[in-house]
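Right, one structure below, let's go through it.
Residue numbers start at 1 and run along the sequence shown.
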Amino acid sequence: MEKHGVPAEETDSTGISPQIEENEEIIKERVGIGLSFDTGVRRLHILGREIQIYYVTGLVDMEAVTELLKELMKVEARGRDTPYVREAVENHLTEVQVDYKDNLEECIIEMLSGLVFILIDGEERALVVDVRNYPGRSPKEPDNEKVVRGARDGYTENIIENTGLTRRRVRDERLRHEIMRVGVRSKTDICISYIEDIADPDMVNIVKKELESINVDGLTMADKVVEEYIVDQGANPMPLVRYTERPDVAAVHLFEGHIVIIVDASPSVIITPTTFFHHVQHAEEYRQAPFIGTYLRWIRFFGMFASLFILPLWLLVVLEPRLLPDQLNYIGPTEDSNVSEFMQIAIAEVGIELMRMAAIHTPSPLATALGLVAALLIGEIAIEVGLFTSEVILYVALGAIGTFATPSYELGIALKIFRFILLIAVVSFQAVGFVITTTALFLFLASIRSLSKPYLWPFLPFDGKALWQVLIRTTVPNLRRRPGIVNPQDKIRQHPKA
């Protein structure tokens, strides 16, 4: 019988036999020792017993393993005979984290996670020692969340480092890092982080149940796969969770009562639950004076508004010039083109998207050459041959700048999709199409729920104080209450001094 596509003999629990040879045969068959070069076993004879140490080369700290072997060899070298071999071995383990396992399947999973386990002939329990040393890069500032002032460290692909970066900023004894393994074959580590007396326990349980219900071979795309399981995305282009690579941003949300999900092998963490307005804030606003932070926030709001509406509105006044007041009658193409305005916009939008993709895949030494080619294609040459008018290039560029100014990459892409929908509505039905489609998009946003939380809170349902904090970068001493959207247990973040 097979379960989840895995043969039944691989999913059944296997106890540890006191006959070490039987365990060795099972382990060799399961992990391919002798076939896979990176899985291995080291055999020692200590106090008349055979001891086997199993490991995966690329996931362990070899210096720690060597030190462990030296300590175990000292047991034999001292020549003291004792019937308590397991206790003698355990007392010579210098590592901090040592655990017992009486199930061979669990031992193999721990081994493939970077730990080593020790089998002792005649014993029905294994010693599991944490000597992990995952390959990876050092914490550095994320490219897509840079700030002028502020911390320069960022999450990496190592879940152990990521939990450490979080705990460094949240030194609260009630911070919980609950870990589980997801994926029938990949056994990917996932950590659920929250502050116990702040986060809503019902929300924590919902997230746990959603993660435990994941039944898939492996999390090939790590956190993105997790997102698709915990929220019902469907055809909705709007981001329903927030991603961040900054530990300080994650810490702020933990203090507010959010839940942070850390997936091993991913440099970004998931913050949930979130609303639309969580995606329009940036760490830079809180690294400046409140007035400057508010200014930056409003400039960012303007850029997002422009990215969504400037092109559809321009196309609308081109198609219906009577809508323009006399003072703005200079707006609109003053030169003839061989291509309609809508097709010019569509071609330019596709061209910019292709250039963005090309920039991602272009090696750094060739980036300058790509920029020159792009400037020629979408610049003077395209205008001279009559493909584009200069005014189309101007408004397409303004829309693109607004997209890049959006703090959330996922939200920027979603706004681009909505912009194209508005353009189609305008070219099809002019002003009526623009009004109806804009209304429909607003109603669509109002109908979205992320983990049962209204997406447009605090605008709908209306919360004046919370909306004020969205529009204005409030000083920290005035932030006395936590956001009500997460239903925090402790609603007051700043209690008055006695």
Side-chain angles (χ1 to χ4, degrees), residues 56 58-61 64 95-99 109-116 128-142 145 150-183 186-201 203-205 207-208 210-212 214 219 221-227 229-230 241-274 283 486:
V56 176
L59 301 179
V60 299
D61 183 349
E95 281 67 27
V96 175
Q97 295 186 359
V98 180
D99 195 10
I109 293 173
E110 297 287 6
M111 168 189 170
L112 297 176
S113 299
L115 292 81
V116 302
V128 179
V129 185
D130 192 345
V131 291
R132 281 178 285 197
N133 184 27
Y134 293 153
R137 56 188 174 87
S138 60
K140 65 177 184 178
E141 185 177 18
E145 292 182 273
R152 302 300 182 199
D153 58 346
Y155 287 125
T156 68
E157 290 77 10
N158 189 327
I159 191 172
I160 305 300
E161 286 185 355
N162 291 346
T163 54
L165 288 169
T166 304
R167 193 172 285 278
R168 182 182 179 188
R169 289 167 169 81
V170 186
R171 298 179 182 179
D172 189 333
E173 67 274 13
R174 288 150 295 194
L175 174 63
R176 300 292 177 255
H177 287 319
E178 296 190 27
I179 198 164
M180 61 177 64
R181 288 194 174 95
V182 176
S186 68
K187 307 289 194 303
T188 304
D189 290 325
I190 296 181
C191 175
I192 305 173
S193 300
Y194 61 95
I195 300 180
E196 193 171 39
D197 64 338
I198 298 178
D200 180 7
M203 185 60 61
V204 174
N205 290 332
V207 172
K208 287 182 184 177
E210 293 292 341
L211 293 176
E212 289 169 354
I214 296 177
L219 305 183
M221 293 293 117
D223 48 7
K224 186 59 183 175
V225 178
V226 172
E227 177 201 344
Y229 274 100
I230 64 175
V241 300
R242 181 178 180 181
Y243 289 97
T244 184
E245 296 182 37
R246 296 190 62 90
D248 49 0
V249 173
V252 168
H253 285 81
L254 284 171
F255 283 127
E256 290 182 350
H258 294 263
I259 300 169
V260 173
I261 302 173
I262 307 173
V263 184
D264 193 26
S266 174
S268 55
V269 303
I270 296 173
I271 299 171
T272 190
T274 56
V486 295

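Considering every non-hydrogen atom in both Arg168 and Asp153, the closest pair reads NH1-OD2, 4.3 Å. Contact between Arg167 and Leu175 at its shortest, heavy atoms only, is NH2-O, 3.4 Å. Residues Leu112 and Val56 approach most closely at CD2-CG2, 4.1 Å, considering heavy atoms. Nearest heavy atoms, Pro247 versus Gly154: CD-CA, 3.9 Å. In this structure, Tyr243 and Ser268 approach most closely via the heavy-atom pair CD2-OG, 3.8 Å. Pairing each heavy atom of Val260 with each of Ala250, the nearest pair is CG2-O, 4.1 Å.
The side-chain hydrogen bond (donor to acceptor under 3.5 Å, both in side chains) search around Glu178 returns Tyr194, Lys208, not counting sequence neighbours. Residues meeting the side-chain contact (heavy atoms from CB on, under 4.5 Å) test with Val486, sequence neighbours left out: His258, Pro273, Pro488. Take Asp61 and apply the side-chain hydrogen bond (donor to acceptor under 3.5 Å, both in side chains) test, not counting sequence neighbours, and it matches no residue. The salt bridge (charged side-chain N to carboxylate O under 4.0 Å, His left out) test applied to Arg181 returns Glu110, Asp189, not counting sequence neighbours. Applying the salt bridge (charged side-chain N to carboxylate O under 4.0 Å, His left out) test to Arg171 and every residue at least two apart in sequence or in another chain returns nothing. With sequence neighbours excluded, no residue forms a side-chain hydrogen bond (donor to acceptor under 3.5 Å, both in side chains) with Asn158. Asp197 is linked by a side-chain hydrogen bond (donor to acceptor under 3.5 Å, both in side chains) to Arg174, counting only residues two or more places apart in sequence or in another chain. In this view, Asp130 and Arg132 satisfy the salt bridge (charged side-chain N to carboxylate O under 4.0 Å, His left out) rule, not counting sequence neighbours. Applying the side-chain contact (heavy atoms from CB on, under 4.5 Å) criterion to Glu141, with sequence neighbours excluded, gives Lys146, Val147, Arg152, Arg246. Applying the side-chain contact (heavy atoms from CB on, under 4.5 Å) test to Lys140 and every residue at least two apart in sequence or in another chain returns Arg137. Remark: Glu196 pairs with Arg176 by the salt bridge (charged side-chain N to carboxylate O under 4.0 Å, His left out) rule, at least two apart or across chains.
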Take Tyr155 and Ser266, measure what side chain to side chain donor-acceptor pair (under 3.5 Å) needs, and give me the verdict at the end.
CA-CA 8 Å; Tyr155 287 125; Ser266 174; over 6 Å; no
Step-by-step side-chain contact (heavy atoms from CB on, under 4.5 Å) determination, Gln97 to Leu115
CA-CA 10 Å; Gln97 295 186 359; Leu115 292 81; 6.0 Å; no
Please assess Thr244 against Ile271 for the test side-chain contact (heavy atoms from CB on, under 4.5 Å), listing each intermediate value before the final yes or no.
CA-CA 8 Å; Thr244 184; Ile271 299 171; 3.6 Å; yes
side-chain contact (heavy atoms from CB on, under 4.5 Å) between Ile179 and Thr163, worked out:
CA-CA 11 Å; Ile179 198 164; Thr163 54; over 6 Å; no
Stepwise side-chain contact (heavy atoms from CB on, under 4.5 Å) test for Ile230 and Leu211:
CA-CA 7 Å; Ile230 64 175; Leu211 293 176; 3.9 Å; yes
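A donor-acceptor pair is defined here as one N or O able to donate and one able to accept, closer than 3.5 Å; such a pair exists between the side chain of Tyr134 and the backbone of Ser113. In this structure, the side chain of Asn162 engages the main chain of Thr156 through a donor-acceptor pair within 3.5 Å. Between the side chain of Asp264 and the main chain of Ile159, a donor-acceptor pair closer than 3.5 Å is present.
Annotation: the span from Met203 atom CE to Thr272 atom OG1 amounts to 7.0 Å, rounded to 0.5 Å. Of the inter-residue distances, the one linking Glu173 atom CD with Ile195 atom CD1 reads 10.0 Å to the nearest 0.5 angstrom. To the nearest 0.5 Å, atoms CE (Met180) and CD1 (Ile192) are separated by 4.0 Å. Of the inter-residue distances, the one linking Ile198 atom CD1 with Glu256 atom CD reads 10.0 Å to the nearest 0.5 angstrom. With rounding to the nearest 0.5 angstrom, the CD1 atom of Ile262 is 4.0 Å from the OG atom of Ser193. The line from CD of Glu245 to CG of Leu165 is 12.0 Å long, rounded to the nearest 0.5 Å.
Within a 6.0 Å sphere centred on CE of Met221, heavy atoms belonging to other residues, nucleotides or ligands number 12 at most.
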